[in-house]
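Everything on this sheet refers to the single structure shown next.
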Amino acid sequence: MPELPEVENIRRSLAPHLLDEYLTLKQPFHPQVWINPGDLPCRDVKVTAINRRGKYLDFVLDSNLHLVAHLRMTGRFTYTEDLASPCLPHTHVIFAVSHSVGLPAHAELRYSDPRRFGRLILLNDTELKSYKFGYNSLGAEPLSPDFTPAYLLTAAGKHPHAKIKSFLLDQTVIAGLGNIYADEILYACRLHPCIPVGSISEASWEQVVNETIRLLSLSIANHGTTFRDYRDGDGKRGGFQSLLCVYGRAGQACPRCNGILATTRISGRSTVYCPQCQAM
DNA sequence: AACCGCTCCTGATCGC
DNA sequence: TGCGATCAGGAGCGGT
């Protein structure tokens, strides 16, 4: 399940292969996964940049186009120069990659997604700003200067009764956290996942900021977390899963106090925490 | 207005 | 061994 560190690693693995190369959308593609609101062409368009915002990837193309991708749970980009290699099961979109307009493809960029929760959307500059989807209501980027204790304190004031776990997962507050990192951040900060954010002090928010930056940076450096499906654009697994303290470890011993890690459900997500270290 | 919970979807895992 | 039930969850949306 790609969250910010995994999406960042996908971006970094694809960029050297795709920058200044040309993409052509090949049939077949899956209409549920591929959304093309403006009926725009996608043929021999040059990739000028690959950016990340939260969990979204933005392939910036010439002709004022953006291919915006969200991988949700099981979406995966695979870059391959072996055109004869078999596609992964559930491959829904394929792009031919060539060095120039009219040249034959030397590679393919493939999108596979067993659960089909992910979406690829092709938008022009104007549409990108007005299209109604999560990309346009994202909150602070956690590895940017906007992400400060004061920002979180102000945001918490707008939803004081929200549980901190739900708050961390709210993409309009912080862009890019998912279930794994939310649990790890709360554990690192010794905060119970059900604490209402209105009762959290600025000093605690400072700790949340510091631990979020520390954990995300560490995970990016370790090529992300491969819990089930995640791979980068070259098919490589992450290494951060061996550094997880609580996610996926319900019933096991707490690495800090040796108590038993508990599990609960908060806004539909399984949540693991240490009842001793993270008291209310 | 601020939440809650349902929906999408398949593969892995579990209990009988 | 086989088969049905359960669980995993990001974002969007309808309901309260």
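Protein chains get the first letters and strands the later ones, always in sequence-line order, with residue 1 at the start of each.
- Side-chain contact between A:T225 and A:Y247 is absent, with no heavy-atom pair separated by less than 4.5 Å.
- Nucleic acid contact for A:Y247: sugar-phosphate only, since backbone atoms but no base atoms lie under 4.0 Å from a heavy atom of the residue.
- Residue A:L261 shares its hydrophobic cluster (ILVMFWY side chains chained together at separations under 4.5 Å) with A:Y187, A:V246, A:V272.
- Shown here are the side chain to side chain contact (heavy atoms under 4.5 Å, CB included) partners of A:N9, two or more places apart in sequence or in another chain: A:I220, A:H223, A:Y230.
- Under 4.0 angstrom from either OP1 or OP2 of B:dC3 there lies at least one side-chain N or O belonging to A:H159.
- Under the side chain to side chain contact (heavy atoms under 4.5 Å, CB included) criterion, A:N124 pairs with A:L40, A:L65, A:T126, A:E127, sequence neighbours left out.
- Within residues 174-189 of chain A, the residues that place at least one heavy atom under 4.0 Å from DNA chain C are, in residue-number order, A:N179.
- Contact annotation: the side chain of A:L138 approaches that of A:Y56 to within less than 4.5 Å [non-hydrogen atoms, C-beta and beyond].
- The stretch residues 129-140 of chain A does not touch DNA chain B, since none of its heavy atoms comes less than 4.0 Å from the strand.
- Residues forming a ring-ring contact (aromatic ring centres under 6.0 Å, His included) with A:H66 (at least two apart in sequence, or on another chain): none.
- Taking CZ of A:F59 as the reference point, atom CG of A:L18 lies at 6.5 Å (rounded to 0.5 Å).
- Note: A:T24 OG1 to A:R43 CZ = 5.0 Å, rounded to the nearest 0.5 Å.
- Axis angle between the ends of the helix from B:dA2-C:dT16 to B:dC16-C:dG2, five pairs each and rounded to 10 degrees, works out to 60°.
- Within the 4.5 Å cutoff, side-chain heavy atoms of A:S85 are placed close to those of A:R110.
- Comparing A:P89 and A:S166, the nucleotide of DNA chain B nearest to each residue sits closer to the 5' end for A:S166.
- Along DNA chain C, read 5' to 3', the first and last nucleotides having any atom under 4.0 Å from a heavy atom of chain A are C:dA8 to C:dG12.
- Atom C1' of nucleotide B:dG11 and atom NE2 of A:H90 are separated by 8 Å, given to the nearest angstrom.
- Classification of the A:Y131-A:F133 ring pair by plane angle, with boundaries at 30° and 60°, yields perpendicular.
- Among residues two or more places apart in sequence or in another chain, the side chain to side chain contact (heavy atoms under 4.5 Å, CB included) test is passed with A:H106 by A:E21, A:Y79, A:V97, A:H99.
- Contact annotation: the side chain of A:R237 approaches that of A:R231 to within less than 4.5 Å [non-hydrogen atoms, C-beta and beyond].
- The interatomic distance linking A:F227 (CZ) with B:dT13 (P) rounds to 11 Å, in whole Å.
- Nucleic acid contact for A:S270: sugar-phosphate only, since backbone atoms but no base atoms lie under 4.0 Å from a heavy atom of the residue.
- If you measure from atom NZ of A:K158 to atom C1' of B:dC3, you get 17 Å, rounded to the nearest angstrom.
- Spacing between atom CG of A:D113 and atom P of B:dG11 amounts to 11 Å, rounded to whole angstrom units.
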What's touching nucleotides 6-9 of chain B from the protein side, N or O pairs under 3.5 Å?
residue: B:dC9; atom: OP1; partner: A:Q32; partner atom: OE1; Å: 3.1
residue: B:dC9; atom: OP1; partner: A:Q32; partner atom: NE2; Å: 2.7
residue: B:dC9; atom: O4'; partner: A:R115; partner atom: O; Å: 3.3

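- Screening residues 174-199 of chain A for salt bridge (charged side-chain N to carboxylate O under 4.0 Å, His left out), with sequence neighbours left out, gives A:K165-A:D183.
- As judged by a 4.0 angstrom heavy-atom cut-off over every strand, A:K163 is placed among residues making no nucleic acid contact.
- Side-chain contact between A:L67 and A:F95 is present, with heavy atoms from C-beta onward closer than 4.5 Å.
- No hydrogens or angles considered: a donor-acceptor pair under 3.5 Å links the side chains of A:D113 and A:Y111.
- With rounding to whole Å, A:L169 atom CG is found 15 Å from B:dG5 atom C1'.
- Residues that satisfy the side chain to side chain contact (heavy atoms under 4.5 Å, CB included) test with A:L153, not counting sequence neighbours, are A:E202, A:W205.
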